[in-house]
Amino acid sequence: MKVLVTGGLGFIGSHTVVELQKKGYEVVIIDDLSNSSIEVLVGITAITGKTPLFEQLDLKEKSKVESFFETHKDIGGVIHFAASKAVGESVEKPLLYYENNLNTLIYMLKSVLQLETSNFIFSSSCTVYGQADMMPITERAPTKPAESPYGNTKQIGEEILIDTCKVNPKLNTISLRYFNPIGAHPSAKIGELPIGVPQNLVPFITQTAAGLRKELSVFGNDYPTPDGTCIRDYIHVVDLANAHVIALERLVNGKNNYNYETYNVGTGKGSTVLEVIHSFEKVSGKKVPYKFAPRRKGDVIQAYADTTKANNELGWQATSSLDEAMRSAWKWEQHIRNI
Ligand code: WQD
């Protein structure tokens, strides 16, 4: 079966392509290369021995999306990663985010609805919960007003899907709400490639250990948590990739209970920033110089998943520990820096 992966040369997309190919799917990637590199295709091929079909295409160009689907009528499933995802940048450039994350979703759905079968996996985020009142967070937790245009595009994206699925029973959709994806494929042939100064914690840690950054700023140590630093649910990107394959197969095999379903994808375990630093130091043997800095605007105190629904209904659960994820992140950093 042919599966379309948009944003398939990105961090989570490329790891999902590898897992799809391992299970025998024919993969076609669309990516505009705005936040990834064609080199990732080499990495994927080095892991699986198969080069996915690739088309460099800007999904904001409606006519291009339509003609793509004209030539690929045999697509059995779509995993839609393509979107801009930098929270801070979205505050500076809201229209870029609303256009890139929402117009593309609308154009994709219009074309997917023309297919024989419409199985669609949407890349959503725990950001939609904002600061949830209860931990761990279940899918029933109410969404909160988004802290950023990025988070808002995920909330609006889910609403577009809900409304579209309501009047298109043939459109089967699953939204996966990611917690914090970290790490890299154990082969170190693909991984996270942040452009410029990393916004996220783990790539900043690995770049500091690699000597690219002088020291890590820990944004706030006066939170109401065991060690004063924020708590997040850090999930190995390969575990996250597998959740996408399993979710797609649920739809392809007609196992879904509704034509719109939502699942949290996390480990179910919360870790503080200091615990992540200590995990890295343990597995890498490298000290990470850090200082405490003021809280970062928009950060929630804590967010970690209740994964019961995904465990029971998808039959999926994360298998990698924080240490294993941090080990893979370091191995990847060493690979790209030749250290
Ligand atoms: C984690 C913790 C920071 C950097 C973001 C997006 C979310 C999703 C995942 C896309 C926080 C602290 C970080 C640093 C630090 N992305 N930190 N020093 O903000 O939980 O989630 O990425 O879907 O939508 O919001 O991840 O890695 O930026 O931060 O102390 O240099 O690490 O304050 O507590 P976040 P993060």
Side-chain angles (χ1 to χ4, degrees), residues 7 10-13 35 80-91 97 100-101 122-132 135 137 143-144 146-158 175-183 192 194 196-209 212-237 240 243-244 264-267 270-280 288-305 322 325-326 329:
F11 175 37
I12 307 166
N35 188 27
H80 182 52
F81 290 103
S84 304
K85 53 143 256 176
V87 173
E89 183 189 46
S90 78
V91 175
Y97 273 68
N100 193 40
N101 293 8
F122 179 63
S123 166
S124 189
S125 170
C126 64
T127 306
V128 304
Y129 297 116
Q131 176 55 72
M135 293 297 138
I137 304 173
T143 55
K144 296 266 180 84
E147 301 266 347
S148 69
Y150 162 75
N152 208 19
T153 64
K154 291 303 177 185
Q155 286 183 357
I156 298 169
E158 289 192 359
S175 280
L176 295 179
R177 290 173 173 172
Y178 311 158
F179 283 70
N180 287 54
I182 63 167
E192 198 166 1
V197 179
Q199 299 306 304
N200 295 131
L201 176 65
V202 171
F204 204 107
I205 287 176
T206 57
Q207 287 192 14
T208 304
L212 276 78
R213 310 287 161 201
K214 196 167 82 53
E215 71 179 349
L216 169 74
S217 295
V218 174
F219 299 137
N221 69 325
D222 59 351
Y223 285 100
T225 64
D227 61 21
T229 62
C230 292
I231 294 171
R232 296 288 186 276
D233 184 333
Y234 296 96
I235 176 170
H236 195 299
V237 65
L240 179 58
H244 288 77
N264 286 340
V265 187
T267 65
S271 301
T272 68
V273 173
L274 292 180
E275 284 169 341
V276 173
I277 295 169
H278 297 150
S279 165
F280 176 82
V288 177
Y290 67 85
K291 67 175 191 296
F292 290 119
R295 295 182 175 193
R296 180 172 69 174
K297 190 176 164 314
D299 275 342
V300 296
I301 301 167
Q302 55 177 346
Y304 54 94
L322 178 64
M326 295 308 288

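Counting convention: from 1, in listed order, for ligands and their atoms alike.
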Nearest protein heavy atom with distance in Å, relative to [atom]:
| atom | answer |
| --- | --- |
| atom 29 (O) of ligand 1 | R296 NH2, 3.3 Å |
| atom 4 (C) of ligand 1 | Q199 O, 3.5 Å |
| atom 36 (P) of ligand 1 | N200 ND2, 3.4 Å |
| atom 34 (O) of ligand 1 | C230 CB, 3.0 Å |
| atom 17 (N) of ligand 1 | F219 CD1, 3.7 Å |
| atom 7 (C) of ligand 1 | T127 OG1, 3.6 Å |
| atom 33 (O) of ligand 1 | D299 OD2, 2.6 Å |
| atom 6 (C) of ligand 1 | V87 CG2, 3.6 Å |

message: Within the 4.0 Å heavy-atom shell around S125, which atoms of ligand 1 are there?
response: 23 (O), 24 (O)
- request: Provide the number and element of each atom of ligand 1 under 4.0 Å from a heavy atom of V218.
  value: 30 (O)
- request: Mind checking whether P198 contacts ligand 1 via backbone (N, CA, C, O), side chain (CB onward), both or neither, at a 4.0 Å heavy-atom cut-off?
  value: neither
Heavy-atom pair of closest approach, residues [X] and [Y]:
| X | Y | result |
| --- | --- | --- |
| N180 | C126 | OD1-SG, 4.5 Å |
| N101 | S84 | OD1-N, 2.8 Å |
| T208 | E215 | CG2-CA, 3.9 Å |
| A325 | H236 | CA-CD2, 3.5 Å |
| G7 | A82 | N-CB, 3.7 Å |

- prompt: So which of L216, V128, N180 gets nearest to atom 9 (C) of ligand 1, if we judge by its closest heavy atom?
  reply: N180
query: Out of Y178, Y150, Y223, whose heavy atom is nearest to atom 23 (O) of ligand 1?
result: Y150
message: Can you confirm whether E158 sits close enough to R177 that some side-chain heavy atom of one is under 4.5 Å from a side-chain heavy atom of the other?
response: yes
- prompt: If we only count heavy atoms from C-beta on, is the L201 to L216 side-chain gap below 4.5 Å?
  reply: yes
- prompt: Does Y234 reach ligand 1, in the sense of a heavy atom lying below 4.0 Å from it?
  reply: yes
query: So, the side chain of Q155 versus the backbone of V128: is there a donor-acceptor pair under 3.5 Å, distance only?
result: yes
- request: Before signing off on this row, confirm whether L201 and ligand 1 have an N or O atom pair separated by under 3.5 Å.
  value: yes
task: Could you give me the CA-CA distance, side-chain angles and deciding distance for Y178 and S123, then say whether side-chain hydrogen bond (donor to acceptor under 3.5 Å, both in side chains) is met?
output: CA-CA 8 Å; Y178 311 158; S123 166; 3.0 Å; yes
Sequence-distant partners of T127, side chain to side chain contact (heavy atoms under 4.5 Å, CB included), two or more places apart: S125, Y150
